[in-house]
Asks: 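Quick one: this structure, given as structure tokens, is what I'll be asking you about.
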Amino acid sequence: MDWAYSAYDEVRPVVRMSGRVVDREGDAIVLSMSGEKLRACEYLALRSYARVDGRLLDVNAVRIDRPEDRHTKPRGVFDLGRWRVWPTNGATAVLVYSTHSCDGRLVVTKIADVTL
């Protein structure tokens, strides 16, 4: 049954979003992220990774245009603001994922994949 949920999550993701680099600050980049929330799932967390030598490494992400309020948004189109992501030295890409609880299941969705 897990394969059915995985297939559903691929076809109907919780969010459909993208990001773009709007600035560079030393070993950090600033991402602007926006898009649409498609399903009424509870927001839990945002995680970011840098691709270095073909591996994904945990990196930091902090919202810089205003404090992150961590609330669950309704369905709709949203601007997630500007996020400082670091360290990115040696990285070829930065990826950002959101984690939601959908009827008690954890669903991880890619919200940004930017090439550096």
Side-chain angles (χ1 to χ4, degrees):
M1 189 62 156
D2 287 343
W3 63 268
Y5 284 128
S6 293
Y8 177 73
D9 294 337
E10 284 289 321
V11 173
R12 186 80 170 140
V14 176
V15 296
R16 186 169 292 124
M17 298 194 166
S18 63
R20 63 185 176 89
V21 177
V22 295
D23 199 4
R24 293 182 183 265
E25 302 172 343
D27 73 339
I29 61 167
V30 176
L31 280 181
S32 175
M33 296 185 288
S34 61
E36 186 174 6
K37 184 169 183 201
L38 303 169
R39 291 166 48 192
C41 298
E42 179 186 4
Y43 171 75
L44 299 175
L46 182 124
R47 296 295 308 229
S48 57
Y49 303 91
R51 183 175 321 238
V52 178
D53 297 327
R55 297 175 299 146
L56 292 179
L57 305 175
D58 289 301
V59 293
N60 305 297
V62 174
R63 189 165 180 176
I64 59 174
D65 60 328
R66 60 172 286 198
E68 181 184 6
D69 58 14
R70 296 186 165 276
H71 76 276
T72 297
K73 294 176 175 23
R75 292 184 198 122
V77 177
F78 293 94
D79 181 343
L80 297 184
R82 291 177 179 236
W83 294 73
R84 184 174 189 265
V85 180
W86 82 99
T88 61
N89 288 338
T92 57
V94 167
L95 297 89
V96 181
Y97 292 84
S98 63
T99 303
H100 289 83
S101 175
C102 301
D103 297 323
R105 276 187 325 109
L106 292 181
V107 179
V108 177
T109 309
K110 187 187 308 181
I111 61 173
D113 185 348
V114 296
T115 302
L116 302 179

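Values below: all heavy atoms of this structure, side chains included; hydrogens, waters and symmetry mates excluded.
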Asks: List the atom of Val15, the atom of Ser98, and the distance in Å for their closest heavy-atom pair.
Replies: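 Closest approach of Val15 to Ser98, heavy atoms only: CG2-OG, 3.9 Å.
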
Asks: State, with a plain yes or no, whether a side-chain heavy atom of Arg63 is found less than 4.5 Å away from one of Asp69.
Replies: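 Result no, sub-4.5 Å side-chain heavy-atom pair not found.
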
Asks: Keeping the roles fixed (side chain from Lys73, backbone from Lys37), state whether a donor-acceptor pair exists under 3.5 Å.
Replies: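 Not a single qualifying donor-acceptor pair exists.
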
Asks: Treating Ile, Leu, Val, Met, Phe, Trp and Tyr as nodes and any side-chain heavy-atom pair under 4.5 angstrom as an edge, say whether Val30 and Val85 lie in one connected cluster.
Replies: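 As far as the 4.5 Å side-chain criterion goes, Val85 and Val30 are not connected within one cluster.
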
Asks: Spell out, yes or no, whether Ile64 and Val59 are grouped together once hydrophobic residues are joined by side-chain heavy atoms under 4.5 Å, including indirect joins.
Replies: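 Different clusters.
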
Asks: Kindly compute the distance separating CD (Glu68) from CZ (Arg66), expressed to the nearest 0.5 Å.
Replies: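 If we round to the nearest 0.5 Å, Glu68:CD and Arg66:CZ are 10.0 Å apart.
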
Asks: Kindly indicate whether the side chain of Ile111, heavy atoms from C-beta on, has any atom under 4.5 Å from the side chain of Tyr97.
Replies: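 They are not in side-chain contact.
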
Asks: Could you give the distance from CD1 (Ile29) to CG (Leu116), rounded to the nearest 0.5 Å?
Replies: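 Going from CD1 on Ile29 over to CG on Leu116, the span is 5.0 Å.
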
Asks: Any Lys/Arg nitrogen of Arg82 or Asp23 sitting under 4.0 Å from an Asp/Glu carboxylate oxygen of the other?
Replies: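 Salt bridge absent between Arg82 and Asp23.
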
Asks: Nearest 0.5 Å please: distance from the OG atom of Ser6 over to the CZ atom of Arg105.
Replies: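 Result: 7.5 Å between the selected atoms.
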
Asks: Rounded to the nearest 0.5 Å, what separation is found between the CG atom of Leu44 and the OG1 atom of Thr72?
Replies: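 Going from the CG atom of Leu44 to the OG1 atom of Thr72 covers 7.5 Å.
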
Asks: Nearest heavy-atom pair of Val114 and Gly19: which atoms, and what distance?
Replies: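 Val114 and Gly19 have their closest heavy atoms at CG1-O, 3.2 Å.
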
Asks: Any carboxylate oxygen within less than 4.0 angstrom of a Lys/Arg side-chain nitrogen, looking at Asp9 and Arg39?
Replies: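 Between Arg39 and Asp9 there is a salt bridge, with a charged N closer than 4.0 Å to a carboxylate O.
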
Asks: Taking all non-hydrogen atoms of both residues, which atom of Trp83 and which atom of Leu46 are closest, and how far apart?
Replies: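 So the two residues come closest at CZ3-CD2, 3.8 Å.
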
Asks: Which pairs count as disulfide (SG to SG under 2.5 Å) when at least one residue sits in residues 8-116, sequence neighbours excluded?
Replies: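 As it turns out, the disulfide (SG to SG under 2.5 Å) pairs with a partner in residues 8-116, which skip direct neighbours, are Cys41-Cys102.
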
Asks: To the nearest 0.5 Å, what is the distance between NE2 (His100) and OH (Tyr43)?
Replies: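 Result: 7.5 Å between the selected atoms.
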
Asks: Can you name the nearest heavy-atom pair linking Pro87 to Asn60, along with the distance?
Replies: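 Nearest pair, atom of Pro87 first, then Asn60: CD-ND2, 4.1 Å.
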
Asks: Please tell me if the side chains of Met17 and Thr109 come closer than 4.5 Å, counting only heavy atoms from C-beta onward.
Replies: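 Side-chain contact under 4.5 Å: no.
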
Asks: Testing the basics here: between Ala28 and Trp86, what is the closest heavy-atom pair and its distance to 0.1 Å?
Replies: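 Scanning both residues, the minimum pair turns out to be CB-CB, 3.5 Å.
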
Asks: Between the side chain of Thr99 and the main-chain N/O of Val108, is any donor-acceptor distance below 3.5 Å?
Replies: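 Here the side-chain-to-backbone pair does not exist.
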
Asks: Rounded to the nearest 0.5 Å, what's the gap from CG on Asp58 to CG on Leu56? Could you check?
Replies: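 Asp58 CG to Leu56 CG: 9.0 Å, rounded to 0.5 Å.
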
Asks: Do any N or O atoms from the side chain of Ser101 and from the backbone of Glu42 form a donor-acceptor pair under 3.5 angstrom?
Replies: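 Between the backbone of Glu42 and the side chain of Ser101 there is no qualifying donor-acceptor contact (under 3.5 Å).
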
Asks: Do you know the tightest heavy-atom contact between Val52 and Gly90?
Replies: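 For Val52 versus Gly90, the nearest heavy atoms are CG1-O, 3.8 Å.
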
